[in-house]
Amino acid sequence: MSDRRRAALILGALLVTFVVVRLALWRSPDSDFDIAGHNIHHLFTGVLLATVAGIPLVLRPGRSRVLDAACLVFGAGLALALDEVVYLIATDGSNASYLLPVSFWGGVVVVGLGAAWVLVVGWGGRGRGPGRDEPGAPGGSGGDG
């Protein structure tokens, strides 16, 4: 079942977060988030946000303000995590390396792939018919399918 509202919220949060974080760190590349002497890259913050928001999105059907907020938090967390993938693999992880073209373009590509996947899943579905596990759906748990 496709939910274009959720997809739009996730996509918007994903793209806006990527742009805002990149602009903020371009403007102030030595802005570190340290806890007890450990540098917390936004990969880890993103994974935590995506986890906190993703679980309700998977387990709670329907629409509500809470689920809309979860979409926004999930999209933001996903952007934070995806943005760091190429940076942590292809650079030495320093603040200066964050400004390198490989980090920027790597972030653009990986976040772009994430955005493309949201578009494929959110808008590429077969409509709003019953899902496979719903009663009355072919092969579902109910009905005579």
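- Note: the hydrophobic cluster containing Leu48 does not contain Ile40 (ILVMFWY, side chain heavy atoms under 4.5 Å, direct or indirect links).
- Counting heavy atoms from C-beta outward, Trp26 and Leu99 have side chains that approach closer than 4.5 Å.
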- Mind running side-chain contact (heavy atoms from CB on, under 4.5 Å) on Ile55 and Arg60 for me, showing each step along the way? CA-CA 8 Å; Ile55 291 172; Arg60 299 286 182 209; over 6 Å; no
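- No chain of hydrophobic side-chain contacts below 4.5 Å, direct or via other Ile, Leu, Val, Met, Phe, Trp or Tyr residues, connects Val120 to Val58.
- The structure places CG of Leu78 at 5.5 Å from CG of Leu14, a figure rounded to the nearest 0.5 Å.
- Side-chain contact between Val66 and Pro56 is absent, with no heavy atoms from C-beta onward closer than 4.5 Å.
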- Would you please test Phe33 and Asn39 for side-chain contact (heavy atoms from CB on, under 4.5 Å) and show each step? CA-CA 6 Å; Phe33 180 48; Asn39 186 303; 5.9 Å; no
Let me have the donor-acceptor pairs involving side chains of residues 104-117, under 3.5 Å, with sequence neighbours excluded, atom names and distances please.
none

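- Side chain of Ser28 to backbone of Ala24: no donor-acceptor contact under 3.5 angstrom is found.
- Shown here for Pro61 and Leu67, the closest heavy-atom pair between the two residues is O-CD1, 3.8 Å.
- A continuous path of Ile, Leu, Val, Met, Phe, Trp and Tyr side chains, each step under 4.5 Å between heavy atoms, connects Leu119 with Leu15, placing both in one hydrophobic cluster.
- Heavy atoms only, all atoms of each residue included: Ala53 and Ala70 are closest at CB-O, 3.1 Å.
- For Cys71 against Leu57, the heavy-atom pair with the smallest separation is SG-CD2, 3.6 Å.
- Taken together through direct or relayed side-chain contacts under 4.5 Å among Ile, Leu, Val, Met, Phe, Trp and Tyr, Val73 and Phe44 form part of one hydrophobic cluster.
- In the hydrophobic clustering of ILVMFWY residues, with side-chain heavy atoms under 4.5 Å counting as a link, Val47 and Val21 come out together.
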- Message: Checking Val20 against Phe18 for the side-chain contact (heavy atoms from CB on, under 4.5 Å) test, could you report, in this order, the C-alpha distance in whole Å, the side-chain angles of both residues, the deciding distance, and whether it holds?
- Response: CA-CA 6 Å; Val20 168; Phe18 176 71; over 6 Å; no
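- Scanning all heavy atoms of the two residues, the minimum distance from Ala7 to Gly122 falls at CB-CA, 3.6 Å.
- Judged purely by atom type and a 3.5 angstrom limit, Asp32 has no side-chain atom pairing as donor or acceptor with the backbone of Asp34.
- To the nearest 0.5 Å, the span separating OG1 on Thr45 from CG on Leu80 amounts to 6.5 Å.
- Leu25 approaches Ser31 most closely through the heavy-atom pair CD2-O, 4.0 Å.
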Contacts table for residues 82-93: side-chain donor-acceptor under 3.5 angstrom, sequence neighbours left out:
from  : atom 1 : to    : atom 2 : distance (Å)
Asp83 : OD1    : Arg22 : NE     : 3.0
Asp83 : OD1    : Arg22 : NH2    : 2.8
Asp83 : OD2    : Arg22 : NE     : 3.4
Asp83 : OD2    : His42 : NE2    : 3.0
Asp83 : OD2    : Tyr98 : OH     : 2.3
Glu84 : OE1    : His41 : ND1    : 3.3
Glu84 : OE2    : His42 : ND1    : 3.1
Glu84 : OE2    : His42 : NE2    : 3.2
Tyr87 : OH     : Gly93 : O      : 2.5
Tyr87 : OH     : Ser94 : O      : 2.9
Thr91 : OG1    : Tyr87 : O      : 2.5
Thr91 : OG1    : Gly93 : N      : 3.2
Asp92 : OD1    : Ser94 : N      : 3.0
Asp92 : OD1    : Ser94 : OG     : 2.8
Asp92 : OD1    : Ser97 : OG     : 2.5

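- Salt bridge status for Arg6 with Asp68: absent, with no side-chain N to carboxylate O gap under 4.0 Å.
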